[in-house]
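To start, the structure under review is shown below, and the notes come after it.
From a predicted model like this one, the values you see are computed outputs, not experimental measurements. Quick note on labels: first sequence line is chain A, next is B, and so on, each numbered from 1.
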Number of protein chains: 2
Amino acid sequence: MRQITIYDIANEAKVSVATVSRVLNGTAPVKVSTRAKIEALIQKYQFQPNAMARSLLSKETGIIGVILPDLTNPFFPEVFAGAELEAQESGHTFLLCNTMGLYTKESEYLNIMQEKRVDGIIFLGGRINLKDCEPHLVQEVVDHANKIPIVLVNGNLRNTELTRVVTDEYAGTVFAVRHLIELGHTQIGFIGGESHTTTTSIKLRAFRKTLRDEGLPVKEDWILTDSFSMESGRQLMQKLLELSEKPTAVCCVNDFTAIGAIKTAGEYGLKVPDDISIVGFDDIPLAHHVIPELTTVSQQASELGQTAVKVLRQMMNKGKVKKLTSLEPQLIIRQSTAPIKSPL
Amino acid sequence: MRQITIYDIANEAKVSVATVSRVLNGTAPVKVSTRAKIEALIQKYQFQPNAMARSLLSKETGIIGVILPDLTNPFFPEVFAGAELEAQESGHTFLLCNTMGLYTKESEYLNIMQEKRVDGIIFLGGRINLKDCEPHLVQEVVDHANKIPIVLVNGNLRNTELTRVVTDEYAGTVFAVRHLIELGHTQIGFIGGESHTTTTSIKLRAFRKTLRDEGLPVKEDWILTDSFSMESGRQLMQKLLELSEKPTAVCCVNDFTAIGAIKTAGEYGLKVPDDISIVGFDDIPLAHHVIPELTTVSQQASELGQTAVKVLRQMMNKGKVKKLTSLEPQLIIRQSTAPIKSPL
DNA sequence: TTGTCTCAAGCAAACATTATCCTTCCTGCA
DNA sequence: TGCAGGAAGGATAATGTTTGCTTGAGACAA
């Protein structure tokens with residue numbers, strides 16, 4: 001079942017391939033009668049021009065590569081959905097690659113994408129989300145970026161000038177901590193993800209700074225980090241609740257850990273938010289379907305994806321681009337935080 | 001920053017392009033010294049052969065297209081992850097398209113995929129998930145399937161012989177209902193999704209049949225359908241709880257609606273599972289992080305994806321394929337179901 | 001009639017590869 | 001010395017498009 005080509009159409013219509021091409025693309029006038037004849041044949045055979053051959057000439061594939069660590073984390077599908085929305089305008093589609101956080105896979109996929117000559121790459125998570133990253137891993141990305149436009153989303157690579165789109169996680173954390181303080185909390189804990197990630201370190205920096213600014217002590221026993229999963233949230237919360245002196249509020253690095261923390265609090269007989277307040281980060285869709293609904297900081301994931309595509313498009317058009325686009329997060333107050341009842 | 005080509009390498013190495021190609025593909029012997037020279041240049045310029053040109057000859061792109069309705073529903077990322085896992089073996093990557101349930105988008109993406117000459121297509125949800133579907137929409141998919149291997153996942157198109165991979169949703173529902181009956185429930189409600197989808201209709205059929213088989217009455221007031229969202233689950237549960245005579249257990253079409261239902265039950269002062277039992281379907285990761293953890297039927301989403309790729313690969317290799325592969329679901333008993341306390 | 005202009009359509013190059021068919025050069029053997 | 005045979009590598013066609021240049025045919029004016 002050979003795919004039919006522009007030659008087949010041209011032959012049967014008794015015209016040259018050039019004419020068929022012109023009908024296809026409207027790049028030059030074609031007599032109404034011949035056009036009709038050609039269009040009829042295109043219809044008859046359901047002919048679709050071969051995008052490969054076309055790209056070979058035009059140097060454009062209409063494909064944007066997306067590299068992300070884990071589609072199972074609902075934050076990423078939302079970024080992706082935003083990107084897809086924005087990409088409609090320019091008719092781009094997406095080559096999607098899950099790395100499961102493995103750098104080897106990131107490298108592999110970067111290579112594949114270059115081979116396939118994608119028009120641009122959106123890079124989320126992984127090595128760009130590390131506080132520090134081995135020089136050769138950095139260099140590798142830079143090498144690719146010299147040939148293909150790359151946008152880093154919510155991450156960075158030290159000592160490079162790569163274009164980035166990020167949420168202002170620092171500001172977001174300040175919002176969250178201030179909110180807890182305004183509710184009267186003075187004993188506030190922090191549940192983080194992997195400590196060598198930028199996300200965790202930025203949020204932790206904001207957390208410490210805000211407490212200090214407000215004249216509250218920073219208790220290191222209440223600052224725990226592990227990973228970004230619900231399971232991790234459960235375990236760290238458990239540690240907090242086993243302490244002799246417990247916090248009355250906890251600021252979590254993301255919604256997953258926050259949901260885990262709430263679960264554990266329940267298991268320890270504490271009611272959220274009456275006995276303990278918990279605030280998350282991301283505002284994944286789940287956040288307002290969980291009991292109690294989660295107070296959190298919205299990342300505007302969809303907008304992050306949209307912006308990434310916009311920026312990428314500018315780069316593809318050789319336009320001027322801002323090296324750093326920062327989106328303001330927003331505090332979403334729901335049910336998991338409440339004024340302090342009484343110090344424990 | 002022009003991408004460098006096999007010619008550039010050949011020129012600088014003072015050999016013909018044929019030789020470089022042979023080094024690249026190992027298709028013929030090359031003297032060790034020339035090979036070394038060429039490899040050095042490849043390294044130096046980070047040369048990657050253009051996959052487009054290659055595909056033009058080989059008629060293979062190494063890309064599998066995936067069409068699905070909504071990546072935001074955690075079931076789909078899991079299927080995707082399974083597919084990706086399996087695709088590693090053959091080195092395929094994925095062109096991913098979200099249709100948001102719009103048939104026009106499905107058509108558009110099918111066309112794009114054919115233009116891009118993907119090696120195969122995995123089709124989830126959308127029109128293949130309807131009980132009935134307009135003939136021209138059916139025909140369109142069949143036309144594409146004549147040119148490119150297509151596998152339908154958890155769906156069907158009437159009067160066609162398209163290859164399918166499905167979970168046995170009928171059996172799964174029987175497991176769920178039997179479980180409730182074994183716990184002593186006799187008054188069981190059903191919360192469905194869109195009523196014109198195959199998923200809802202299959203599950204509903206299984207639901208009715210099982211009750212009848214067990215000699216229990218089917219009360220139509222307790223069978224409600226709307227959509228697959230958490231919000232829908234909340235609303236339908238509300239309707240159930242406003243009835244004068246209420247069920248003591250509810251079987252939900254998926255985990256999303258089940259989670260919504262649990263939430264509403266809580267708002268009505270009912271404890272799950274003490275006052276009312278609720279069972280879901282899908283076993284999304286969230287299911288065991290919610291309070292109470294959800295009793296549900298596991299779809300083995302990941303395996304579904306893996307199998308789809310396996311089948312697709314057989315089709316690509318012109319091998320014999322089973323027209324229908326059916327995966328057995330599994331009842332996962334957690335905390336949202338319990339023996340009946342007392343009839344309300 | 002001739003020259004000019006315009007519209008429609010053809011020709012052939014270009015794109016980056018791979019595959020096929022050749023050529024050249026060496027080595028070993030009779 | 002002649003020659004077979006194999007290793008190494010070159011030349012070229014082929015893949016399916018787009019596009020710049022060219023050509024041919026009318027139309028129309030001088």
Check your understanding: So does S58(B) get a side-chain nitrogen or oxygen closer than 4.0 Å to the phosphate oxygens (OP1/OP2) of dT17(C)?
Key -> no
Check your understanding: Which heavy atom in V118(A) sits nearest to a heavy atom in I148(A), and how many Å separate them?
Key -> O-CG2, 3.8 Å
Practice item. State, with a plain yes or no, whether a side-chain heavy atom of Q3(A) is found less than 4.5 Å away from one of R117(B). Key: yes
Point to revise | With Q139(A) via side chain to side chain contact (heavy atoms under 4.5 Å, CB included) - residues at least two apart | key: V142(A), D143(A)
Check your understanding: Quick one: ring-ring contact (aromatic ring centres under 6.0 Å, His included) partners of F47(B), sequence neighbours excluded?
Key -> none
Check your understanding: Sub-3.5 Å donor-acceptor pair from the side chain of K310(B) to the main-chain atoms of E86(B), do we have one?
Key -> no
Check your understanding: How about Q299(B) and T167(B): does a side-chain donor come under 3.5 Å of a side-chain acceptor?
Key -> yes
Exercise for review: Return the value, rounded to whole Å, for the distance between atom CD of E115(A) and atom C1' of dT18(C).
Suggested key: 15 Å
Review point. How long is the line joining CG of N11(B) and P of dT17(C), in whole Å?
Key: 13 Å
Review point. Does anything in residues 30-38 of chain A reach DNA chain D, meaning a heavy atom under 4.0 Å, and if so which residues?
Key: none
Review point. Looking at residues at least two apart in the chain, or sitting in another chain, which of them share a side chain to side chain contact (heavy atoms under 4.5 Å, CB included) with K131(B)?
Key: S201(B)
Check your understanding: Could you write nucleotides 11-23 of chain D as a row of B, S and -, 5' to 3', where a protein heavy atom under 4.0 Å of any base atom gives B, of only sugar-phosphate atoms gives S, and otherwise -?
Key -> B--BBBBBBB---
Review point. By side chain to side chain contact (heavy atoms under 4.5 Å, CB included), which residues pair with E303(A), not counting sequence neighbours?
Key: Q300(A), T307(A), L327(A)
